[in-house]
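A quick write-up on the structure given underneath.
Chain identifiers are assigned alphabetically (A, B, ...) following the order of the sequence lines, protein sequences preceding nucleic acid strands; residue numbering begins at 1 within each chain.
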There are 2 protein chains.
Amino acid sequence: MSTETPAIGRPRAFDEETVLARATEVFWQYGYEGASLSALTGAMGINRPSLYATFGSKEQLFRRAFARYHEDKVANVRTALAQPTAYGAIEAFLRSSADGLTAGDHPAGCLSIQGGLACSPENGRISEVLAAGRAETEAALGERMSRAAAEGDLPDGVDARALARFVMTLSEGHAVHAAAGASREDLQASVDIALRAVMGPARG
Amino acid sequence: MSTETPAIGRPRAFDEETVLARATEVFWQYGYEGASLSALTGAMGINRPSLYATFGSKEQLFRRAFARYHEDKVANVRTALAQPTAYGAIEAFLRSSADGLTAGDHPAGCLSIQGGLACSPENGRISEVLAAGRAETEAALGERMSRAAAEGDLPDGVDARALARFVMTLSEGHAVHAAAGASREDLQASVDIALRAVMGPARG
DNA sequence: CCGCTCACCAACCGATCGATACAAAACCTG
DNA sequence: CAGGTTTTGTATCGATCGGTTGGTGAGCGG
């Protein structure tokens with residue numbers, strides 16, 4: 001809708017997707033509330049009226065940024081979950097997650113968590129949007145695990161939803177760790193340990 | 001130092017520890033930047049000048065609040081790590097952590113993470129303080145695991161530091177989950193799965 | 001080249017941010 | 001009850017917050 005260049009009038013001096021990517025990085029690093037309009041416009045290379053004319057408001061800009069980020073993430077998750085076994089799916093999910101959290105071409109950690117785990121009351125919707133995104137990922141993971149359980153691909157007595165929650169939780173913890181400076185190797189060593197829990201039978 | 005009542009002058013109309021506890025809850029729920037002075041003084045039942053006379057600044061108030069919180073947490077961790085076996089220590093740590101994250105007498109989640117995982121540039125020190133607190137917990141966990149490894153209480157080839165990081169990571173992930181509304185049972189089910197990873201030999 | 005349409009930019013809006021100045025009130029000492 | 005000392009409440013500080021207003025000028029259709 002707003003991406004096609006209108007035939008008349010002065011053309012835009014910036015690319016919408018490019019400046020959205022810049023804004024995403026600012027939100028990613030400083031969080032929704034920590035990212036001021038000045039910081040955003042500075043990184044995007046545009047000024048306030050251009051931002052508002054293009055995106056509407058700071059909140060709508062954030063939602064666009066997160067939607068983009070989330071779509072990418074969902075695509076990665078889908079790829080990981082396409083592995084033929086539950087173990088393979090979990091390993092692919094956790095390893096690609098750990099890689100993504102520590103990749104050098106963007107801020108460390110995860111926008112879903114950095115963005116605004118806690119917000120002031122008037123920005124509570126931001127936290128909700130982010131939590132909903134994470135819940136969606138966990139649900140996809142849970143469905144894959146349920147399928148695996150039905151196929152006999154998981155030991156008897158394994159709770160598929162709990163397993164998905166465990167995997168998702170570990171990934172979220174890795175995001176916290178990555179934001180605090182943990183390296184890719186640190187995270188992968190943690191994944192090594194987690195994978196030992198996946199296939200083992202229930203203890204007791 | 002500031003807790004003893006001076007012999008002269010008008011006495012304080014509030015208890016310092018009480019209002020500090022109230023402030024802690026506000027920071028816990030909304031984060032450092034999301035907790036405005038108005039919200040803080042409102043919850044503490046005092047007005048701005050009293051706050052500044054007592055605590056110095058918003059940042060110093062937060063540091064006091066977090067120090068108090070962290071001391072309590074360290075005490076709990078010490079108790080958990082006093083278990084005779086590594087498995088027992090990890091289980092006690094994760095279970096008490098999961099309970100604490102979902103207890104009803106304070107905001108869900110963990111102040112160390114809710115407080116300010118991401119902050120604006122001028123509040124970057126807040127994130128550092130919180131990360132340092134978490135790192136201290138992980139270090140204590142790591143030392144306990146190292147001791148266990150030296151005692152033959154862990155399978156050969158287990159990396160004690162990586163195991164500590166795994167456990168700490170899971171706890172941090174639980175904090176994220178709890179903040180999004182996960183129940184105590186949800187978290188404990190995740191702990192059940194994690195514990196399966198602790199004692200198993202390295203796969204492969 | 002004219003005229004229309006839009007994007008650009010500087011300056012500014014009210015509201016709120018964290019932090020203070022000042023004077024009245026409360027308590028202890030003498 | 002007077003003098004000294006500290007806390008309390010109100011009212012406000014400058015700075016910054018997210019968001020907006022007009023004037024200017026770039027580019028296209030005629």
Side-chain angles (χ1 to χ4, degrees), chain A residues 1-20 23 26-27 30-65 115-116 118-126, chain B residues 1-20 23 26-27 30-65 115-116 118-126:
Chain A
M1 35 168 62
S2 55
T3 50
E4 61 230 21
T5 307
I8 53 180
R10 180 171 172 176
R12 283 205 178 128
F14 60 91
D15 176 62
E16 191 169 321
E17 293 299 315
T18 302
V19 300
L20 185 57
V26 177
F27 284 129
Y30 301 125
Y32 177 75
E33 295 187 330
S36 69
L37 263 291
S38 299
L40 286 166
T41 54
M44 296 164 86
I46 65 178
N47 35 35
R48 285 167 151 82
S50 296
L51 191 157
Y52 279 85
T54 308
F55 300 102
S57 70
K58 185 188 180 185
E59 177 170 345
Q60 287 178 7
L61 171 64
F62 181 83
R63 293 178 111 104
R64 284 277 306 271
C119 283
S120 64
E122 70 252 27
N123 292 324
R125 299 199 167 195
I126 298 295
Chain B
M1 32 170 61
S2 55
T3 52
E4 62 230 23
T5 308
I8 53 180
R10 178 173 176 175
R12 284 208 176 128
F14 60 91
D15 176 62
E16 190 169 323
E17 294 299 316
T18 302
V19 299
L20 185 57
V26 177
F27 283 131
Y30 300 125
Y32 177 75
E33 295 187 328
S36 69
L37 261 290
S38 299
L40 287 165
T41 55
M44 297 165 87
I46 65 178
N47 35 36
R48 285 166 152 83
S50 297
L51 190 157
Y52 279 85
T54 307
F55 300 102
S57 70
K58 185 187 180 186
E59 176 170 348
Q60 288 178 6
L61 171 64
F62 181 83
R63 295 178 111 103
R64 284 277 306 272
C119 283
S120 64
E122 70 254 26
N123 292 324
R125 299 201 166 193
I126 298 295

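Atom CG in A:L51 sits about 9 Å away from atom P in D:dG19, given to the nearest Å. Protein atom OH of A:Y30 is 14 Å distant from nucleotide atom P of D:dG18, rounded to whole Å. In this structure, OH of B:Y52 is placed 11 Å from P of C:dC17, rounded to the nearest angstrom. The distance from atom CG of B:N47 to atom P of C:dA19 is 16 Å, rounded to the nearest whole Å. As rounded to whole Å, 10 Å separates atom P of C:dG30 from atom CD1 of B:I8. Distance A:I46 CD1 to C:dC6 C1': 16 Å, rounded to the nearest Å. D:dC17 atom P lies 14 Å from atom CD of A:E122, rounded to whole Å. In this structure, CZ of B:R48 is placed 16 Å from P of D:dT8, rounded to the nearest angstrom.
Relative to the axis of its first five pairs, the axis of the last five pairs of the helix from C:dC1-D:dG30 to C:dG30-D:dC1 sits at 0°, rounded to 10 degrees.
Between B:E59 atom CD and B:E122 atom CD the span is 11.0 Å, to the nearest 0.5 Å. Considering CZ of B:F62 and CG of B:L40, their distance stands at 10.5 Å, rounded to 0.5 Å.
A cation-pi contact, defined as under 6.0 Å to the ring centre and within 45° of the axis, links B:K58 to B:Y32.
At the heavy-atom level, B:F55 lies nowhere under 4.0 Å from the strands shown. Using a 4.0 Å heavy-atom cutoff across all strands shown, B:A39 reaches no nucleic acid atom at all. If you check every strand for non-hydrogen atoms under 4.0 Å, A:A53 touches nothing.
Side-chain contact between B:Y30 and A:E33 is absent, with no heavy atoms from C-beta onward closer than 4.5 Å. When side chains are defined from C-beta on, B:L61 counts as touching B:L20, because their heavy atoms get closer than 4.5 Å. In this structure, the side chains of A:T18 and A:F14 stay at 4.5 Å or more apart for every pair of heavy atoms. The closest side-chain heavy-atom distance from B:R48 to B:S38 is below 4.5 Å.
If you check distances only, the side chain of B:R10 never reaches the base of D:dT6 with a donor-acceptor pair under 3.5 Å.
Position along DNA chain D of the nearest nucleotide to B:S50 versus A:S36 favours B:S50 as the more 5'-ward residue. Closest-nucleotide positions on DNA chain C for B:P49 and B:K58 were compared, and the one nearer the 5' end corresponds to B:K58.
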